[in-house]
Structures are given as structure tokens and as C-alpha cells.
Trainee: 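Can you read through this structure? Questions will come right after.
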Amino acid sequence: MLVMPAPDRGILARRESIVAALRAIVPGDGVIDSEIGRRPFECDGLAMYRQLPMVVVLPSTVEQVAAILKYCHAEGIKVVPRGAGTGLSGGALPLEDGVLLGMSKFNKVLEIDYTNRCARVQPGVTNLGISNAVAHAGFYYAPDPSSQIACTIGGNVAENSGGVHCLKYGLTTNNVLGVEMVTMDGTVVRLGGKHMDAGGYDLLGLVVGSEGLLGVVTEVTVRILRKPQTARGALIGFPTVEDGGNCVAQIIAEGIIPGGIEMMDKPAIHAAEAFAKAGYPLDAQSLLIVELDGPQAECDELIATVGRIAKENNATSIRISENEEERLRFWAGRKSAFPAVGRISPDYVCMDGTVPRKKLAEVLTRIGQLGDKHGLRVANVFHAGDGNLHPLILFDANKDGELAAAEALGADILRLCVEVGGVLTGEHGVGIEKRDLMPSMFDETDLAHQLRVKCAFDPEGLLNPGKVFPQLHRCAEMGRMHVQRGAIPFPDLPRF
């Protein structure tokens with residue numbers, strides 16, 4: 001059962017003075033303290049856990065962010081950074097005694113530098129907004145999470161987000177060149193820049209994927225790419241999930257790196273087709289969407305090779321996009337799969353784990369067995385090319401025991417990922433969802449070293465506490481700690 005740090009009653013008693021101090025820093029409508037105004041911020045995309053923040057503050061300048069953090073640091077007040085709230089691991093879950101720092105007003109594209117193939121943007125710019133800003137010049141931003149129409153680049157940096165094209169073009173960390181960040185004490189720092197690499201310690205590598213525990217990002221420099229000359233998609237149906245998984249492994253083994261390889265099982269196929277009318281084969285037990293991009297001649301040859309591999313793995317249908325509109329329609333079904341599943345289940349939770357590609361068929365079979373064990377259905381939609389699974393656990397929170405069963409099933413699936421040589425997360429982050437499973441992948445020494453990095457940036461542990469680390473330790477303890485057992489007893493967090 002999820003627990004979070006016990007609220008500081010002294011901080012809560014000072015709430016009115018804290019709100020007044022924040023209003024002095026961010027005047028006008030930048031501070032929200034009414035209950036109804038705070039309600040939209042009570043959770044992120046992991047809506048099964050909810051908590052009202054003590055107060056919400058929405059700065060619009062770097063100076064305001066720095067002043068807010070400096071004030072909270074001096075007063076010992078916890079801060080939870082938040083982007084668009086589309087995260088699926090509870091990373092932006094507020095605290096009852098904490099300030100929720102929303103970055104939605106940082107929504108400007110500051111500079112586009114085509115010569116150096118990069119763009120400087122504020123963290124509240126949406127993922128798709130970057131591509132839209134450079135599309136007229138034939139460029140785009142490669143990482144494309146399914147929520148790209150809404151998720152922001154700041155949140156992408158926090159979680160090291162991926163997307164359907166990350167197999168060939170990399171995750172966020174491979175496409176961010178620099179950031180401006182404010183540390184908990186209000187210091188503004190710059191890491192990286194327009195250049196491809198920087199000397200010294202790779203602090204930028206630490207920040208991307210740090211889940212808001214090290215600082216608040218106020219500007220991001222991203223790499224932009226030329227659109228490929230040609231892009232063609234293939235819809236390939238299979239009689240079993242195992243055949244689809246084996247086809248993925250063989251495509252990669254033959255040295256082909258597609259722009260993307262996505263896989264869906266039968267429940268997800270039917271839900272997505274009913275929602276998007278993308279032309280998916282409804283008789284298939286599994287479906288691959290394979291995209292090849294590059295020069296025309298290369299695409300034609302690779303499409304033919306993928307078709308051969310598919311037939312060798314018992315494909316029942318192969319459909320190749322004939323034009324750009326059809327290719328985009330193939331992807332429309334995949335990118336709407338998560339909301340589409342909402343049509344077939346009152347509630348669902350989207351998991352995120354990564355396994356070696358050669359284990360895909362085995363893991364998908366065992367996920368089905370785990371679903372049967374817990375009495376719940378699972379729809380699978382995932383980035384097959386890099387083994388990043390997104391099982392959607394379907395349940396009804398109004399039925400006694402189903403929420404607990406969904407939590408238990410999710411934990412079993414993530415343990416399975418680690419068991420076969422994979423990892424707990426591919427792109428959603430740890431947050432609160434996987435926090436208590438971290439010891440299944442890391443021992444106490446591993447976790448202690450990770451926490452020392454956190455302490456170097458935030459010695460008082462005020463930034464996004466209660467996330468990522470299963471046990472809380474004061475930074476002063478880290479130098480002398482070897483083994484410490486037993487979690488701090490926190491009160492239960494309200495759910496739904």
C-alpha cells in the first residue's frame with residue numbers, strides 16, 4: 001500500500017503566511033489556495049492516487065522560480081514541480097504540506113537555430129509544439145510519446161520520455177543538448193548548450209530522468225532533425241502474440257533499425273480500431289506497426305525484407321501504406337490506444353517496464369498468466385523495438401478488491417521484467433508507482449549511492465520528497481550509513 005511522508009503540522013499551521021509570501025513573489029493569479037482551485041492539481045496521469053497540495057504557485061519568469069525555491073529552502077518547505085500532469089508514475093503527486101510549482105506559463109519557443117540544428121524552448125512547450133514550430137522548414141523533434149499533443153518538454157526531461165520513434169532516434173536524453181535549471185536554494189545554473197558535448201562531469205545526463213528531485217528546469221535546448229525523405233508503414237497481423245514477438249526479435253537481429261516498431265495484442269487492437277478506424281486486422285491476435293524511413297530505395301528494400309521476415313514468422317496479413325495519409329492513420333490508432341482502452345474498462349492503469357527483445361514472447365505469455373492469477377484482463381500496447389512494455393491492467397475501482405488486485409498484478413509484472421534481465425521503467429519513471437519495487441532491482445548500496453547524488457543537489461531533501469527512493473534517509477546519514485532496515489511509518493495516502 002502506498003505511503004507518503006507524514007505532513008509537517010508546523011508548516012500547515014503557517015499556511016496563511018506561506019501563501020502571503022508566495023503572493024508577494026508571484027502577484028495576480030499566480031497563486032492558487034482555494035480548495036476548488038487546487039483540485040485539478042491533486043494527481044497526475046496515475047489518477048489512482050490523489051492528494052490536494054497545500055498551495056499551487058504558477059510563476060512566469062526564471063526570477064520568480066528562483067525566489068520561490070529560495071524562500072521555500074529558507075523556510076524548510078517541500079516543493080513538488082509539475083508540468084502538464086500527463087506523467088503515469090505519480091511523479092507530480094502533490095504533498096499536503098508542500099508547494100506545487102506549476103511550470104505551465106513557461107510556454108514559449110525562445111530560439112530556433114537551423115544552422116546548429118537545435119531549438120531553445122521553455123519547459124511548458126508541448127512535445128508536439130516543438131515539431132510544429134520547425135515543420136515549415138522540414139525539421140522535427142524526434143521523441144514522440146503518445147501524449148505528445150499535451151505532454152511538455154520539461155516533463156519529458158524529468159522522466160526521460162521516449163515514444164514510438166525512440167528505437168532509431170533515441171529517448172529524450174539523446175535529444176537534449178542543454179538545460180537551464182534552478183536548484184533548491186534558488187541558484188540558476190546552465191548545463192550543456194548548443195554544442196553536441198561538454199567537458200567535465202556529465203551533469204546534464206544526471207538531470208535528464210531525475211524526476212524533479214535535483215532541480216526545476218526552466219529552459220531546454222533540444223536537437224532537431226531533418227524529416228526523412230521517405231517514410232512508409234507496415235501493418236502486420238499474426239495468429240499469436242509469440243509470433244509477433246519473434247518477428248520483432250528477428251527484424252532487429254538481421255540488422256534492420258526501423259523508425260519504430262510497435263506491438264498490440266487483440267484487446268488493444270479492437271479497442272484502438274473501434275476508436276480510430278485505422279484499418280487494423282481484427283482477426284489478428286497480435287499486430288505490429290513497422291515504420292521504415294530514409295531514402296526511397298532503402299525504404300523499398302527494407303519493406304521487402306520486413307515482409308519476408310513477417311511471413312517466416314507466420315504473418316496472416318501484411319498491409320503497406322500507400323501514401324502519407326495512410327501512414328499517419330496507422331499511427332493514429334496506436335497513439336490513441338490508451339484513451340481507446342477507456343471504452344472497454346471503467347478504469348485501467350498503464351504499466352511501464354523494459355525487457356530484452358528475445359524475451360518478449362515469453363514475457364507476454366507470462367503476463368497473460370499473471371492476469372489470470374489475479375482475475376483481471378490485460379491489454380498490451382508497447383514499443384516492441386526496444387522491449388519497452390506498456391501493459392494496460394483493466395479493472396473497476398467500484399468493485400471491492402479490484403484496485404488492490406490491479407496494484408498486485410502491476411507489481412508482479414514489473415518483478416517479471418527484472419527477473420528476465422530487464423528494468424523497472426523504460427520511460428515513465430519511478431515516481432511513487434515503482435518506488436517500493438526499487439529493491440527488486442537495486443541493493444542497499446546501489447540505492448545509497450543514488451541518494452548521495454540527490455543529497456549533492458538538495459541536502460535538505462525538500463524537492464519532490466517521497467518519490468523514487470523506497471526508504472528516506474537524511475543526507476547527513478549517508479556518509480556513515482552502511483545498512484539501515486525498516487521504512488519510516490507514513491500514513492496511508494487517499495486513493496480515488
Side-chain angles (χ1 to χ4, degrees), residues 1-6 78 80-81 87 89-91 93 95 157-160 162 171-174 181 183-185 191 200-215 351-356 359 363 386-389 407-408 410-490:
M1 182 176 292
L2 177 67
V3 290
M4 290 293 284
K78 302 162 191 168
V80 175
S89 64
L93 183 75
L95 297 170
V157 169
E159 305 297 345
N160 191 21
L171 297 136
T172 300
T173 190
N174 307 111
M181 182 180 79
T183 59
M184 187 63 215
D185 64 0
L191 305 174
Y201 292 116
D202 183 18
L203 297 180
L204 181 61
L206 281 177
V207 170
V208 179
S210 61
E211 303 196 34
L213 272 69
L214 305 184
M351 306 305 297
D352 163 53
T354 301
V355 302
K359 295 287 186 177
V363 169
D386 61 350
N388 185 194
L389 306 177
E407 291 178 304
D412 281 350
I413 290 173
L414 292 172
R415 291 189 190 99
L416 170 61
C417 291
V418 175
E419 176 192 327
V420 301
V423 295
L424 290 172
T425 180
E427 59 171 335
H428 291 178
V430 175
I432 56 170
E433 178 198 39
K434 308 178 186 75
R435 180 194 65 187
D436 297 333
L437 293 170
M438 288 284 275
S440 69
M441 184 173 173
F442 301 105
D443 63 22
E444 291 190 62
T445 301
D446 295 329
L447 291 170
H449 280 296
Q450 292 182 44
L451 188 53
R452 286 186 177 97
V453 175
K454 160 73 169 171
C455 293
F457 283 81
D458 178 23
E460 286 76 30
L462 296 174
L463 263 177
N464 219 7
K467 316 293 173 59
V468 178
F469 297 105
Q471 295 183 17
L472 298 183
H473 301 286
R474 296 180 184 278
C475 289
E477 299 173 14
M478 298 308 297
R480 60 179 183 273
M481 187 188 76
H482 294 288
V483 176
Q484 178 170 334
R485 292 183 171 85
I488 298 173
F490 299 145

Trainee: List the atom of Gly212, the atom of Pro81, and the distance in Å for their closest heavy-atom pair.
Mentor: O-CG, 3.9 Å

Trainee: How close do Gly91 and Val80 get, counting heavy atoms only, and between which atoms?
Mentor: O-CG1, 4.4 Å

Trainee: Checking side-chain contact (heavy atoms from CB on, under 4.5 Å) between Thr173 and each of Leu204, Val207, Asn160, which is the one that passes?
Mentor: Asn160

Trainee: Please say which of Glu427, Glu159, Arg435 ends up in a side-chain contact (heavy atoms from CB on, under 4.5 Å) with Ser89.
Mentor: Glu159

Trainee: Kindly indicate, with the supporting measurements, whether the criterion side-chain contact (heavy atoms from CB on, under 4.5 Å) is fulfilled by Leu214 and Asp458.
Mentor: CA-CA 6 Å; Leu214 305 184; Asp458 178 23; over 6 Å; no

Trainee: Can Leu389 and Cys417 be said to form a side-chain contact (heavy atoms from CB on, under 4.5 Å), step by step?
Mentor: CA-CA 9 Å; Leu389 306 177; Cys417 291; 4.2 Å; yes

Trainee: So, does Lys467 use its side chain to make a donor-acceptor pair with the main chain of Val430 at under 3.5 Å?
Mentor: no

Trainee: Search all heavy atoms of Leu437 against all heavy atoms of Leu424 and return the closest pair with its distance.
Mentor: O-CD1, 3.5 Å

Trainee: Run the side-chain contact (heavy atoms from CB on, under 4.5 Å) test on Glu419 and Leu416 for me, step by step, so that the C-alpha distance in whole Å, both residues' side-chain angles and the decisive distance to 0.1 Å come before the verdict.
Mentor: CA-CA 5 Å; Glu419 176 192 327; Leu416 170 61; 4.2 Å; yes

Trainee: Verify, without hydrogens or angle tests, whether Ser440 (side chain) and Arg415 (backbone) share a donor-acceptor contact under 3.5 angstrom.
Mentor: no

Trainee: Would you say Lys454's side chain and Leu213's backbone share a donor-acceptor pair under 3.5 angstrom?
Mentor: yes

Trainee: Stepwise, does the side-chain contact (heavy atoms from CB on, under 4.5 Å) test hold for His428 with Met351?
Mentor: CA-CA 8 Å; His428 291 178; Met351 306 305 297; over 6 Å; no

Trainee: Does any N or O in the side chain of Glu211 come within less than 3.5 Å of the main-chain N or O of Gly431, such that one atom is a donor and the other an acceptor?
Mentor: yes

